[in-house]
Amino acid sequence: MKILGIETSCDDTCAALLDIKRGKFNVLKSIVASQANLHKKYGGVVPEVAARKHVETIIPVISEAIRQQRSKVDVIAIASGPGLISSLHVGVETAKALSLVWDVPLIKVNHIEAHIYSVLLSVGVRHASHLPFKFPAIALIVSGGHTELILMRDHGKYSLLGRTRDDAAGEAFDKSAKMLGLPYPGGPQISQHAQHGDPRKYDIPKPMIHEPGYEFSFSGMKNAIRLLIENFGTDAPLGRLSPDLCASIEQAIIDVLTNKSIKTIEHYKPKTFILAGGVSANKKLRKTLKYALPKSTQFLAPDIKFCMDNASMVAVAAYFHAKNKEYIPYHKLTANANWELV
Ligand code: KG4
Ligand code: ZN
């Protein structure tokens, strides 16, 4: 089975071709046209700008993904939500048009579910019949738009344990970076600058860390960081101070994410813990969570190249829906900016 995945929910135009032969996943092509440079000057994603760029890029990106393919695509998988509505429309309408003219079935995939299934694209677990998900599983999805702890009792059976009340973890990285004059996306910038910094130098608040429940809140961090920067004064060379500040910010976010994750594990005793979403590319977060887990819980995270938005994860999630023939007629498909997985 060959699945063409399409993903345009935020600021990356993505298409991928996934081949599944005798239960083995093989990513033949995974194209990601990043718009990061375009949005850099605004310090974040501008929806209208993102959608216009998707319109320009979507056909060349799909054409590159299916180039050199002799046999036809069996399924088209489209991430139809959640995300920015104007961005989602571009991928969704393109997928519908292709489904119609190629006469190929269409599968809609939830973007969060796609992040969860991205862990199946990790080295060593590329075999569908040796699925590493042992249920119950808990997934921590951390990205620029989401911070959610999800309980997974089986494929497709999800319950929400907790989510952020305001900013997402990735947003906390991005906004802190912006205040420090570092370019978008801020997560990789902060973690790079943090490498030689002292993570305990600054006392960054860790909102809700000790509150019961599994909810998060990251918006309060911004003010504390702004005050710290103001206190440095204009004489303070931010470049010299930033390694310690970046390390302290990174540590505060990691401490909150780890603490809440461990709480869910103590309560639900999952067999698998899944870390996914753009922020899962953070090496310190991966390491901290992995070592904080009890030995009885297996830890899964995607290969670094599949952490950020991509279309391979959309295709791999679609495979499980394709097995059940959960197709959607093209005229019934619409983009859903607020599609809740749970
Ligand atoms: O999943 P993703 O590509 O897009 C959304 O669905 O939002 O996630 C992007 C987010 C950005 O906020 C970015 O700063 C963050 O992932 N990110 C990181 C790292 N790499 C990407 N955050 C922390 N450390 C990283 N190494
Ligand atoms: Zn994402």
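Below, each value reflects all heavy atoms present in this structure, side chains not excepted, and no hydrogens, waters or symmetry copies. As the structure is a prediction and not an experimental result, all values here were calculated from the model. Counting convention: from 1, in listed order, for ligands and their atoms alike.
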How far is atom 13 (C) of ligand 1 from its nearest protein heavy atom, and which residue and atom is that? Asp174 OD1, 3.8 Å

Side chains of Ile204 and Met221, heavy atoms from C-beta outward: is any pair under 4.5 Å? yes

Pull out every atom of ligand 1 sitting under 4.0 Å from any heavy atom of Ala281, numbered as shown with elements. 20 (N), 26 (N)

Proximity to ligand 1 by part of Ser191, non-hydrogen separation under 4.0 Å: side chain

Looking only at protein heavy atoms, identify the closest one to atom 24 (N) of ligand 1 and say how far it is in Å. Asn282 ND2, 3.1 Å

Applying the salt bridge (charged side-chain N to carboxylate O under 4.0 Å, His left out) test to Glu215, which of Lys260, Arg165, Lys263 qualifies? Arg165

Using the side-chain hydrogen bond (donor to acceptor under 3.5 Å, both in side chains) rule, collect all pairs that involve residues 333-342, keeping only residues at least two apart or in two chains. Arg163-Glu340

Just checking, any donor-acceptor pair under 3.5 angstrom between side chains of His39 and Gln35? yes

Could you tell me whether Asp19 and Lys21 make a salt bridge, using a distance below 4.0 angstrom between a side-chain N and a carboxylate O? yes

Check each heavy atom of His111 against ligand 1 and say whether those closer than 4.0 Å belong to the side chain, the backbone, both or neither. side chain

Note the single closest protein heavy atom to atom 15 (C) of ligand 1, along with its residue, its atom name and the distance in Å. Val279 CG2, 3.9 Å

Flag the pair Glu230 and Arg226 as a salt bridge only when some basic side-chain nitrogen lies within less than 4.0 angstrom of an acidic carboxylate oxygen. no

Between the side chains of His111 and Ser9, does any donor sit under 3.5 Å from an acceptor? yes

Atom 3 (O) of ligand 1 [closest protein heavy-atom partner, distance rounded to 0.1 Å]: Asp309 N, 3.0 Å

Could you work out, for atom 9 (C) of ligand 1, the closest of Ala169, Gly187, Gly144, Ala172 by heavy-atom distance? Gly144

State whether the shortest distance between N or O atoms of Gly145 and N or O atoms of ligand 1 falls below 3.5 angstrom. yes

Protein N/O/S atoms under 2.8 Å of the Zn ion (ligand 2)? His111 NE2, His115 NE2, Asp309 OD1

Which of the numbered atoms in ligand 1 are below 4.0 angstrom from a heavy atom of Gly278? 1 (O), 2 (P), 8 (O), 16 (O), 17 (N), 18 (C), 19 (C), 20 (N), 21 (C)

Using a 3.5 Å cut-off on N or O atoms only, is Asp12 in polar contact with ligand 1? no

Consider ligand 1: state whether an atom of it lies below 4.0 angstrom from any non-hydrogen atom of His115. yes

Before accepting this row, confirm whether a basic side-chain N of the pair Asp255/Arg200 lies closer than 4.0 Å to the acidic partner's carboxylate O. yes

Regarding Gln69 and Lys29, do their side chains bring together a donor and an acceptor under 3.5 Å, going by distance alone? no

Which atoms of ligand 1 have any heavy atom of Gly170 under 4.0 Å away? 12 (O)

Heavy-atom nearest neighbour in the protein, as seen from atom 21 (C) of ligand 1, with distance rounded to 0.1 Å: Met308 SD, 3.2 Å

Is the ring centre of Phe133 less than 6.0 Å from the ring centre of Tyr117? yes

Whether the Thr258 and Thr288 side chains hold a donor-acceptor pair (N or O, under 3.5 Å, no angle test) is what I'd like checked. no

Can a donor-acceptor pair be found between the side chains of Glu113 and His321 at a distance below 3.5 Å? yes

Taking the non-hydrogen atoms of Cys10, is any one of them nearer than 4.0 angstrom to ligand 1? no

Asp166 side chain to Ser217 side chain, donor-acceptor N/O pair below 3.5 angstrom: yes

